[in-house]
Enquirer: 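Below is a structure I'd like to ask you about.
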Amino acid sequence: MNELKITLPDNSTRIVEKGYTPQDVANDIGPGLARSVVVAKVNESLKDLNIPFTEDCHLELLTAETPEGHNTLLHSAAHLMAQAVKFYWPEAKLTIGPAIDNRFYYDFDVKETFTDDDLVKIDSKMHELSKEDYPCIRCEISRKEAYTLFEKMGEDYKLEILEDIEDEELLTSYSQGDFIDLCRGPHVPSTGKIKYFKLLSTSGAYWRGNENNKMLQRIYGTVFHSKKALKKYLFLLEEAKKRDHRKLGKELKLFTFDDEVGSGLPLWLPNGTVMIEELETLAKDTERKAYYDQVRTPHLTKGSLYEKSGHLEHYKDSMYPAMDIDGTEYYVKPMNCPHHHKIYASSPKSYRDLPVRLSEYGTCYRYEKSGQLFGLMRVRSLQMNDAHIYCTKEQFKEEFLAVCNMYLYYFKIFGIEKYSMRLSLHSKEGLGKKYVNEPQLWEKTERWVREALIEGKFDFVEVVGEAAFYGPKIDVQVWSAIGKEFTLATNQVDFAVPKKFNLTYKDENGDDQTPLCIHRAPLGTHERFIGFLIEHFGGNFPLWLAPIQVVVLPVSDKVIAYSEKVVSFLRDLNIRVKLNDRPDKIGSKIRQAEIDKINIMLIVGEKEESNLSVSIRRRFDGDMGKLSLNDLKNLLVSEISNRRLTHS
RNA sequence: GCCUGCGUAGCUCAGUAGGUAGAGCACUUCCUUGGUAAGGAAGAGGUCACCGGUUCAAAUCCGGUCGUAGGCUCCA
């Protein structure tokens, strides 16, 4: 049989001779596709374009505009970069060079570190190598051949990688010019396909991501199918920097850090404090409606409490060291749970009392290592929107789902659409170490959580080895403006600690039972949540959340008295209003208000004074004409009390 | 914690064959009373992050500390 049947995505078929390759098919279809195709999908698996067909198959020809094609291009660009690095640093040892979200990197073991000048040098060498258009040649090799080859080349890391590859797996190498790498592929057919790239940054990175291993030199870069797409990506990176909460936090005077206070310890300025207060008000309203009770607990606690809870054992390194008080060790609290357990235990409980929902906006302190600190997203003093729900097994599902739905309720208020729910599970290897050694309980609670999520129709992904030490959890992941991933909110099941604290309730038969505990923080920490909101809104907060809601701008000194009346009228309505009575022109005052991202500007002159009105100008909308004070009141009060989203 | 940058006025930044500092904005005062993104003038403001070293002389060179940026590792 010398003929094969190739089925294309539109279900059309082509009969080709044996020896035909995906690239040949692309050439037959047209020169445009022949040029832009980077990789083939043959019966659902990705293959190089120049591997001949061996059987009848489905074929999809992918350009770098598709996610999988882009991935292949990124990966090939990593090889091209490695080739350029090897040209200048022949002694550099290769490790790994994968594609990641819109970028690629390659880790090298080199004596010196790469400088910005080196990047320029490597970049231009890459362009040369691209112009040479070396074919990327795939070669199947035996384990022994691979071992001999890479040993001869002195590529120690490749030898280590070889040892980890399963015996039966097919080994392949890829070469282009005089560069050769152990790689599974697939790759673009030749280096000429890699044209529109830019090297972005360098950094250190541990071999195999283990901090006990040697630190390697990493170079990040990006590549796209067109110059336009590359420029667009670089532009987006620049735009993202403008939304960075650290930059906006300074510009909008929300928070600050001071060397003499200490790193990771934010000082909340008046504007930022307003936002915290608004968040707490929202949380209190929401929790009151959901039958939570608020509690308060101290910042200091004896070490024995954390020994009992297991926190000292699991998190001692990230707790502030103990202070000796009259011979007893005390710690500043890194979390509120043990205190809430003690509140639960302060009086006997019946099944009729459950669920018990205790909430607190407590400040905790965690000794995050210096390198982990990141603006408001990772801090050492944090205010948690915390609560613990104690319930029976029968109540668990409903309570758990109610918490998940509370997330969604909040997300709707803030217009948060891009997030991902992660079901974080334990790992078998971690039992007795990272995780409490209760294999059956783990299985059982993980099943409950999974079932609850499915029943509640939540989309989620499961990740092994990300659970809390006492149980599985749901983490809501979001991304900061500059692309860092963060856990914004968390919902955790605890089947272990209530037992350690001897928490009980009497069931219908008068027997003691241990409640389950749900730890939840839908608004995470105020620090991180506000950091996220700053970037989410780009500093243009909805009116209810804005530190300064309204600014009154008198056209001249003649109307200052009337302006002050407008201000006190609004202040009496609990609206956060400021008066700009500086002797500047109105244009200058408007400009200042725009820079401060103030939502509503009220322009007041003699015309307005004559009929007790104001001229309203809204950010993004411009001049919106005159309004009577009463209409103004209705507009503002309705928008604020409904927590309306004014703009995205 | 680790790797590599960086740290000059409140903010954004200039300032190298080492010779004790400059701009714009902001701030203060005065003039201007102006209608939807910058009116004008004058003034004040810095132990060049901190500590130590080299030197006749250090913002500049070297070492350390602290802070910060990009990553790595970690995150109850």
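Quick note on labels: first sequence line is chain A, next is B, and so on, each numbered from 1.
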Enquirer: Hey, does A:H314 reach any base, or is it just sugar-phosphate, or nothing, if we go heavy atoms under 4.0 Å?
Expert: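 It contacts nothing in the nucleic acid.
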
Enquirer: Which nucleotide, B:G39, B:G71, B:G67, lies nearest any side-chain atom of A:R218?
Expert: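 Selected nucleotide: B:G71.
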
Enquirer: Could you pick out which residue, A:G587 or A:G371, lies toward the 5' side of RNA chain B when each is mapped onto its nearest nucleotide?
Expert: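 Closest to the 5' end, via its nearest nucleotide, is A:G371.
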
Enquirer: Quickly work out the A:I595 CD1 to B:A38 P distance and round it to whole Å.
Expert: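 Spelled out: CD1 on A:I595 to P on B:A38 is 10 Å.
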
Enquirer: From the options B:U32, B:A38, B:U36, select the nucleotide whose nearest atom is closest to the side chain of A:P583.
Expert: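 So the side chain of A:P583 is nearest to B:U32.
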
Enquirer: Mind checking who B:U55 pairs with, Watson-Crick or G-U wobble, both distances under 3.5 Å?
Expert: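 With both distances under 3.5 Å required, B:U55 matches none.
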
Enquirer: If you only use heavy atoms from C-beta on, which nucleotide in B:C2, B:U33, B:C74 is closest to the side chain of A:K558?
Expert: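 Side chain of A:K558 sits closest to B:U33.
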
Enquirer: By the 4.0 Å heavy-atom rule, please label A:D623 as base, sugar-phosphate, or nothing.
Expert: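 The residue A:D623 makes base contact.
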
Enquirer: Which nucleotide, in any strand shown, forms a Watson-Crick or G-U wobble pair with B:C27, with both distances under 3.5 Å?
Expert: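 Per the H-bond distance test, B:G43.
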
Enquirer: What distance, rounded to whole Å, do you find between the two P atoms, one in B:U8 and one in B:U60?
Expert: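 It works out to 13 Å between them.
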
Enquirer: Which is true for A:K607 with a 4.0 Å heavy-atom rule: it touches a base, it touches only sugar-phosphate, or it touches nothing?
Expert: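 Here A:K607 touches the bases of the nucleic acid.
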
Enquirer: Among B:G35, B:G1, B:G71, which is the nearest nucleotide to the side chain of A:S203?
Expert: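 Of all the options, the side chain of A:S203 is nearest to B:G71.
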
Enquirer: Side chain of A:Q372: nearest nucleotide among B:U73, B:G34, B:A38?
Expert: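 Among B:U73, B:G34, B:A38, the one nearest the side chain of A:Q372 is B:U73.
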
Enquirer: I'd like the C1' distance from B:C74 over to B:C2, given in whole Å.
Expert: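 That atom pair is separated by 12 Å.
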
Enquirer: With a non-hydrogen cut-off below 4.0 angstrom, is A:F469 in contact with a base, only sugar-phosphate, or nothing?
Expert: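 Since no nucleic acid heavy atom lies under 4.0 Å of A:F469, the category is nothing.
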
Enquirer: Reckon A:Y435 touches a base, only the sugar-phosphate, or nothing at all at heavy-atom distances under 4.0 Å?
Expert: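 If one applies the 4.0 Å heavy-atom cut-off, A:Y435 turns out to touch nothing in the nucleic acid.
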
Enquirer: Please say whether more than 12 non-hydrogen atoms of neighbouring residues, nucleotides or ligands are located less than 6.0 Å from CG in A:D116.
Expert: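 At most 12 heavy atoms, drawn from other residues, nucleotides or ligands, come within 6.0 Å of this atom.
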
Enquirer: Please measure how far the P atom in B:U73 lies from the corresponding atom in B:G15, and state the result in whole Å.
Expert: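 Result for the P pair: 36 Å, nearest Å.
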
Enquirer: Among B:A37, B:C2, B:G35, which nucleotide sits nearest the side chain of A:R617?
Expert: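 Nearest nucleotide to the side chain: B:A37.
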
Enquirer: Could you tell me whether A:R246 contacts a base, only the sugar-phosphate backbone, or nothing, with contacts defined as non-hydrogen atoms closer than 4.0 Å?
Expert: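 Answer is sugar-phosphate: A:R246 comes under 4.0 Å of backbone atoms only.
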
Enquirer: We want to know whether A:Y220 and A:R218 form a side-chain donor-acceptor pair, criterion being a heavy-atom distance below 3.5 angstrom.
Expert: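 Yes.
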
Enquirer: Side chain of A:Y220 only, heavy atoms from C-beta on: which candidate in B:G1, B:G35, B:G71 is closest?
Expert: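 Comparing B:G1, B:G35, B:G71 against the side chain of A:Y220, the answer is B:G71.
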
Enquirer: Under 4.0 Å, counting only non-hydrogen atoms across every strand here, what does A:E251 touch: a base, just sugar-phosphate, or nothing?
Expert: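 Answer is nothing: A:E251 stays at 4.0 Å or more from every strand.
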
Enquirer: Check the distance between B:U33's P and A:D581's CG and give it to me in whole angstrom.
Expert: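 After rounding, the reported distance stands at 18 Å.
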
Enquirer: Have a look at A:I603 and say if it touches a base, only the backbone sugar-phosphate, or nothing, with a 4.0 Å heavy-atom cut-off.
Expert: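 Result for A:I603 = base.
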
Enquirer: Report yes or no: do A:S613 and A:N611 form a side-chain donor-acceptor pair below 3.5 Å?
Expert: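 The answer is yes; a qualifying pair exists.
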
Enquirer: Determine: side-chain N/O of A:K473 to OP1/OP2 of B:A76, distance under 4.0 Å, yes or no.
Expert: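 It does, given that an N or O in the side chain of A:K473 lies less than 4.0 Å from OP1 or OP2 of B:A76.
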
Enquirer: What contact category does A:R582 fall into here, base, sugar-phosphate, or nothing, at under 4.0 angstrom with non-hydrogen atoms?
Expert: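 A:R582: backbone/sugar contact only, no base atoms under 4.0 Å.
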
Enquirer: Mind checking the P distance from B:C25 to B:G40? Whole angstroms is fine.
Expert: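 To the nearest whole Å, 9 Å.
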
Enquirer: Judged by each residue's nearest nucleotide on RNA chain B, which is more toward the 5′ side, A:Y315 or A:D557?
Expert: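 Whichever sits nearer the 5' end wins; that is A:D557.
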
Enquirer: Taking atom P in both B:A38 and B:U20, what distance in whole Å separates the two?
Expert: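 Those two atoms are separated by 41 Å.
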
Enquirer: Is A:K121 positioned over the aromatic face of A:W89, cation under 6.0 angstrom from the ring centre and no more than 45 degrees off axis?
Expert: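 Cation-pi check for A:K121 and A:W89: passes.
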
Enquirer: Pick base, sugar-phosphate or nothing for A:E608, based on heavy-atom distances below 4.0 Å to the nucleic acid.
Expert: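 Base, at least one base heavy atom under 4.0 Å.
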
Enquirer: Should B:A38 form a Watson-Crick or G-U wobble pair with both distances under 3.5 Å, which nucleotide is its partner?
Expert: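 Paired with B:A38, as far as the under-3.5 Å criterion goes, is no nucleotide at all.
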
Enquirer: If you compare every side-chain N and O of A:S370 against the phosphate oxygens of B:G67 (OP1, OP2), does one of them come in below 4.0 Å?
Expert: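 So the side chain of A:S370 is outside the cut-off, no N or O lying under 4.0 Å from OP1 or OP2 of B:G67.
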
Enquirer: In whole angstrom, what separates A:Q217's CD from B:G5's P?
Expert: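 Atom CD in A:Q217 sits about 9 Å away from atom P in B:G5.
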
Enquirer: Once you apply the 3.5 Å cut-off to both distances, tell me the Watson-Crick or G-U wobble partner of B:C74, or none.
Expert: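 WC or wobble partner does not exist here.
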
Enquirer: For A:S615, report the nucleic acid contact type (base, sugar-phosphate, nothing); a contact means any heavy atom under 4.0 Å.
Expert: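 Result for A:S615 = base.
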
Enquirer: Between the side-chain atoms of A:Y367 and the base atoms of B:G1, is any donor-acceptor pair under 3.5 Å?
Expert: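 No, no donor-acceptor pair under 3.5 Å.
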
Enquirer: Return the nearest nucleotide to the side chain of A:S318; candidates are B:A76, B:G39, B:G34.
Expert: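 Out of B:A76, B:G39, B:G34, the nucleotide with an atom closest to A:S318's side chain is B:A76.
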
Enquirer: Figure out the CD/C1' separation between A:E466 and B:A76, and round it to whole Å.
Expert: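 Atom-to-atom, A:E466 to B:A76, this comes out as 13 Å.
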
Enquirer: Considering every strand shown, what is the Watson-Crick or G-U wobble mate of B:U68 when both distances are under 3.5 Å?
Expert: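 Check on B:U68: paired to B:G5, both distances under 3.5 Å.
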
Enquirer: Are A:K499 and A:N502 linked by a side-chain donor-acceptor pair shorter than 3.5 Å?
Expert: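 No, because no side-chain N or O of A:K499 sits under 3.5 Å from a partner of the opposite role on A:N502.
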
Enquirer: Please report, rounded to the nearest Å, how far the P atom of B:U68 is from the CG atom of A:L376.
Expert: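 Atom CG in A:L376 sits about 12 Å away from atom P in B:U68.
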
Enquirer: Has the side chain of A:R378 got a donor or acceptor atom sitting under 3.5 Å from an opposite partner on the base of B:C74?
Expert: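 It does, because a donor-acceptor pair links the side chain of A:R378 to the base of B:C74 below 3.5 Å.
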
Enquirer: Taking only the side-chain heavy atoms of A:T113 (C-beta and beyond), determine which of B:G1, B:U4, B:G71 contains the nearest atom.
Expert: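 Closest of the options to the side chain of A:T113: B:U4.
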
Enquirer: With rounding to the closest Å, how many angstrom separate the C1' atoms on B:U29 and B:G64?
Expert: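 Roughly 46 Å separates the two C1' atoms.
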
Enquirer: Yes or no on salt bridge (charged side-chain N to carboxylate O under 4.0 Å, His left out) for A:E594 and A:R619, after CA distance, side-chain angles and deciding distance?
Expert: CA-CA 7 Å; A:E594 291 281 352; A:R619 200 164 146 71; 3.0 Å; yes

Enquirer: Mind checking who B:A17 pairs with, Watson-Crick or G-U wobble, both distances under 3.5 Å?
Expert: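 Here B:A17 is not engaged in any pair, so there is no nucleotide opposite it.
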
Enquirer: Does NZ or CZ of A:K308 fall inside the cone over A:F501's six-membered ring, less than 6.0 Å from its centre and within 45° of the axis?
Expert: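 Positive - A:K308 is close enough to the ring of A:F501 and near enough to its axis.
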
Enquirer: How long is the line joining CZ of A:F257 and P of B:C11, in whole Å?
Expert: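 Distance, rounded to whole Å: 15 Å.
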
Enquirer: Give A:F114 one of three labels, base, sugar-phosphate or nothing, depending on what nucleic acid heavy atoms sit under 4.0 Å from its own.
Expert: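 Answer is nothing: A:F114 stays at 4.0 Å or more from every strand.
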
Enquirer: Among the nucleotides B:U36, B:C74, B:G34, which one has an atom lying closest to any side-chain atom of A:S556?
Expert: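 Ranking B:U36, B:C74, B:G34 by closest atom to the A:S556 side chain puts B:G34 first.
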
Enquirer: In whole Å, I'd like the distance from the NZ atom of A:K597 to the C1' atom of B:A37.
Expert: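 To the nearest whole Å, that distance equals 13 Å.
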
Enquirer: Can you tell me if the side-chain N/O atoms of A:K214 get under 4.0 Å from OP1 or OP2 in B:C3?
Expert: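 For A:K214, the contact criterion (side-chain N or O under 4.0 Å from OP1 or OP2 of B:C3) is not met.
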
Enquirer: So, is A:S588 near the phosphate of B:G39, with a side-chain N or O under 4.0 Å from OP1 or OP2?
Expert: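 The answer is yes; a side-chain N or O of A:S588 sits under 4.0 Å from OP1 or OP2.
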
Enquirer: Would you check if there is a donor-acceptor pair between the side chains of A:Q477 and A:T487 at a distance under 3.5 Å?
Expert: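 Their side chains do contain a donor-acceptor pair, which is all the 3.5 Å distance test asks for.
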
Enquirer: Once you apply a heavy-atom cut-off of 4.0 Å, does A:Q592 come out as touching a base, just sugar-phosphate, or nothing?
Expert: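 It contacts nothing in the nucleic acid.
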
Enquirer: To the nearest angstrom, how far is A:I518 atom CD1 from B:A76 atom P?
Expert: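 Spelled out: CD1 on A:I518 to P on B:A76 is 18 Å.
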
Enquirer: From the options A:E527, A:R528, A:E360, A:H526, select the one residue that forms a side-chain hydrogen bond (donor to acceptor under 3.5 Å, both in side chains) with A:Q383.
Expert: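 Exactly one pass, corresponding to A:E527.
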
Enquirer: Aromatic rings A:F486 and A:F374: how do their planes relate, parallel, tilted or perpendicular, breaks at 30° and 60°?
Expert: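 Answer is parallel, since the angle falls under 30°.
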
